[in-house]
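Counting starts at 1 for both ligands and their atoms, following the listed order.
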Amino acid sequence: MALFVVRGGRRLEGEHRVQGAKNSALPVLAAAAAVRGQCVIRNCPDLSDVKATLHILKHLGCKVAREGEIVTVDSTARSGCAIPRRLMREMRSSIVFLGPLLAALGCAELSAPGGCEIGLRPIDLHLEGLRALGVEIAEDGECLTCRVPAGGMRGARFSLSFPSVGATENLMIAACVAKGVTVINNAAREPEIVDLAAFLNACGAKIHGAGEGVILVEGVKGLHGAEHTVIPDRITAVTFLASAAVTGGEVLLRRAAPGHMDATLTMLEQTGCRLRRERGDTLHLKAPARLRQLSTVRTMPYPGFPTDAQAVFMSMAAVAEGTSIFSETIFENRFRHVAELTRMGAKIRVEGRVAVTEGAVRLHGAKVNACDLRAGAALVVAALCAEGTSVINQVHHIDRGCERFEENLRLLGANMIREGNNATDKNGQEGS
Ligand code: UD1
């Protein structure tokens with residue numbers, strides 16, 4: 001089992017190049033299965049979730065090659081429409097293959113991903129939306145069998161009862177080849193939706209309004225190959241900013257997308273960090289000697305504060321002055337880092353979906369578990385400023401979303417090493 005050993009107390013300083021966004025790369029790669037021809041995807045992060053996505057593409061008969069950060073997917077020989085349970089379980093986001101398989105082959109057989117560390121994560125909205133396009137769906141326990149009727153999918157008007165990112169992605173991909181026009185009301189507005197739409201449009205789709213609450217998709221006959229560059233990862237970017245902030249440090253992010261980070265950057269400024277956008281994609285942070293408390297952090301769909309950044313901000317709040325309040329509105333089980341942070345000396349009280357963090361404590365090193373991806377990254381942030389040595393177990397969760405995390409933090413001056421390997425760590429369903 002791989003683990004991180006972090007000796008805290010070093011001030012982080014230097015430059016970091018932000019990786020491509022996991023939450024963009026995964027749907028874009030899955031959507032490449034809906035295309036006939038070759039897609040070249042640039043700025044693709046090297047993550048275990050990306051590897052799991054490439055495994056699924058290969059299983060479906062696509063040719064896949066990776067050279068550095070460029071992934072090529074050739075779907076010309078794509079054949080199968082079934083994804084075995086073993087591959088589905090490697091990653092929760094594999095549900096985003098539903099739309100591409102229906103668009104490309106008119107059928108999809110896969111197992112529902114089920115709950116995971118951060119909550120129940122139902123897929124009812126994905127299925128309701130696809131049914132509105134005419135897809136016939138049979139659910140037998142965890143098994144889903146989906147078929148497009150003989151005349152093909154037909155455009156429809158569909159309102160999401162919640163702006164689900166995954167459901168918007170599946171619907172948008174499927175609607176690309178439906179007959180007529182599809183209107184998705186109350187669509188998710190995340191930058192990753194805009195990125196996926198840009199990729200699909202480069203492949204010949206006609207999607208309008210991505211990034212707004214109403215998306216309109218004019219159906220086309222088919223999609224062709226294209227090149228695309230994945231947007232920067234706004235969540236790992238803020239994780240590196242937080243790492244510098246808790247150590248009183250200074251960091252320059254290159255190839256960032258500050259325009260996607262308003263909610264988190266505003267909160268960072270509240271803590272007393274000085275932020276400077278130097279060029280379109282460069283962001284500089286200088287931390288104060290002591291971080292100030294945050295006002296209430298309420299997780300919301302974009303452009304609100306992202307649920308994926310909640311844990312990392314809680315690590316900051318644990319060492320900041322005063323009391324900070326966190327309200328998690330997106331997922332029901334997203335405070336699993338609290339028990340671990342408490343082992344490091346943090347003073348946090350949870351009541352339902354609210355966590356109250358009394359700051360101004362000096363954290364101390366401890367043995368903790370990275371219970372999910374973002375919780376794990378938050379524990380590393382806490383360990384960087386804790387007194388003494390921390391051991392963070394189960395880092396395979398962190399590897400799902402943070403590219404060479406320890407190497408990149410070491411480049412900023414962190415004292416952090418990886419021990420062991422992940423060969424036996426695959427344990428199925430994962431969070432976020
Ligand atoms: C969520 C985040 C997204 C983040 C991603 C990965 C939000 C709104 N979405 O997207 O920013 O990038 O995790 O960490 O913060 N839901 C249903 N039925 C469905 C689908 C979703 O009830 O069919 C509910 C979920 O239980 C959850 C909420 O909708 O409470 C958000 O889900 P969704 O946006 O679909 O999650 P992800 O796509 O995983």
Side-chain angles (χ1 to χ4, degrees), residues 20-28 30 45 47 49-50 53 91-99 112-132 137 139 144 146 158-174 184 186-196 211 213 230-239 257 260-264 297-312 326-334 336-337 353 372-378 397-398 400-402 429-432:
K22 166 180 91 76
N23 290 340
S24 216
L26 302 184
V28 164
L47 304 168
D49 267 10
V50 169
T53 303
M91 174 187 62
R92 171 78 177 51
S93 328
S94 48
I95 192 65
V96 79
F97 274 94
L98 199 47
C116 70
E117 289 81 4
I118 64 174
L120 292 171
R121 305 190 85 167
I123 55 163
D124 54 319
L125 299 175
H126 303 235
L127 303 186
E128 270 175 39
L130 292 170
R131 281 191 173 112
I137 301 174
E139 294 175 71
L144 286 175
C146 309
F158 185 74
S159 290
L160 288 162
S161 55
F162 182 89
S164 154
V165 175
T168 303
E169 289 166 347
N170 260 327
L171 274 178
M172 208 164 69
I173 299 168
I184 309 170
N186 198 25
R189 294 186 284 162
E190 268 69 358
E192 293 77 17
I193 298 284
V194 179
D195 201 33
L196 175 62
V230 171
I231 56 170
D233 195 307
R234 60 195 166 104
I235 305 299
T236 59
V238 86
T239 303
H260 298 161
M261 297 169 65
D262 281 340
T264 49
V297 175
R298 187 184 304 278
T299 62
M300 296 289 277
Y302 190 85
F305 188 93
T307 174
D308 283 351
Q310 177 253 107
V312 157
F326 291 82
S327 166
E328 172 57 55
T329 76
I330 308 292
F331 293 110
E332 58 275 9
N333 194 18
R334 220 164 185 188
R336 288 166 46 109
H337 44 284
R353 289 194 177 195
D372 64 61
L373 160 56
R374 308 300 175 190
H397 285 299
I398 302 176
R400 294 183 37 242
C402 300
Q429 297 162 0
E430 311 281 2
S432 80

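No N or O atom of A167 sits closer than 3.5 Å to an N or O atom of ligand 1. The shortest N or O to N or O distance between E332 and ligand 1 is not under 3.5 Å. By the 3.5 Å distance cut-off applied to N or O atoms, L125 is counted among the residues near ligand 1. Between S164 and ligand 1, a contact under 3.5 Å exists for at least one N or O pair. Distances between N or O atoms of D124 and those of ligand 1 include at least one value under 3.5 Å. Taking any N or O of V165, backbone or side chain, at least one lies under 3.5 Å from an N or O belonging to ligand 1. For a threshold of 3.5 Å applied to N or O pairs, the pair formed by P163 and ligand 1 contains no separation below that value.
Neither the backbone nor the side chain of E192 has any atom closer than 4.0 Å to an atom of ligand 1 (non-hydrogen atoms only). Counting heavy atoms closer than 4.0 Å to ligand 1, residue F331 contributes side-chain atoms (C-beta onward) but none from N, CA, C or O.
Atoms of ligand 1 lying under 4.0 Å from any heavy atom of T307, numbered from 1 in the order shown and given with element: 15 (O). Counting the atoms of ligand 1 from 1 in the order shown, those under 4.0 Å from a heavy atom of F162 are 8 (C), 28 (C), 29 (O), 31 (C). If you number the atoms of ligand 1 from 1 as listed, the ones under 4.0 Å from a heavy atom of D308 come out as 4 (C), 6 (C), 12 (O), 14 (O). Close approach of ligand 1 to G166 is summarised as follows: ligand atoms under 4.0 Å from at least one heavy atom of the residue are 35 (O), 38 (O).
Taking 4.5 Å as the limit, some side-chain heavy atom of I231 sits within range of a side-chain heavy atom of H260.
Ion pairing between R131 and E139 holds under the 4.0 Å rule for side-chain N and carboxylate O.
Checked by atom type and distance alone, the side chain of D233 pairs as donor or acceptor with a backbone atom of K22 at under 3.5 Å. Within the 3.5 Å criterion, the main-chain N or O of L160 finds a donor-acceptor partner in the side chain of N186. When atom types are taken as modelled, the side chain of E169 and the backbone of L196 share no donor-acceptor pair closer than 3.5 angstrom. For the pair D49 (side chain) and M91 (backbone), a donor-acceptor distance under 3.5 Å is absent. Although no hydrogens or angles enter the test, the distance criterion places a donor-acceptor pair under 3.5 Å between the side chain of T168 and the main chain of A188.
Annotation for R353: atom CZ counts as buried by contact number, over 12 foreign heavy atoms lying within 6.0 Å.
The only member of N23, L26, V165 that meets side chain to side chain contact (heavy atoms under 4.5 Å, CB included) when paired with S93 is L26.
Residue contacts with ligand 1: P122 is included, with a non-hydrogen atom under 4.0 Å away.
P232 is linked by a side chain to side chain contact (heavy atoms under 4.5 Å, CB included) to V18, A257, counting only residues two or more places apart in sequence or in another chain.
Taking only non-hydrogen atoms, the option from R92, M300, E190 nearest to atom 11 (O) of ligand 1 is E190.
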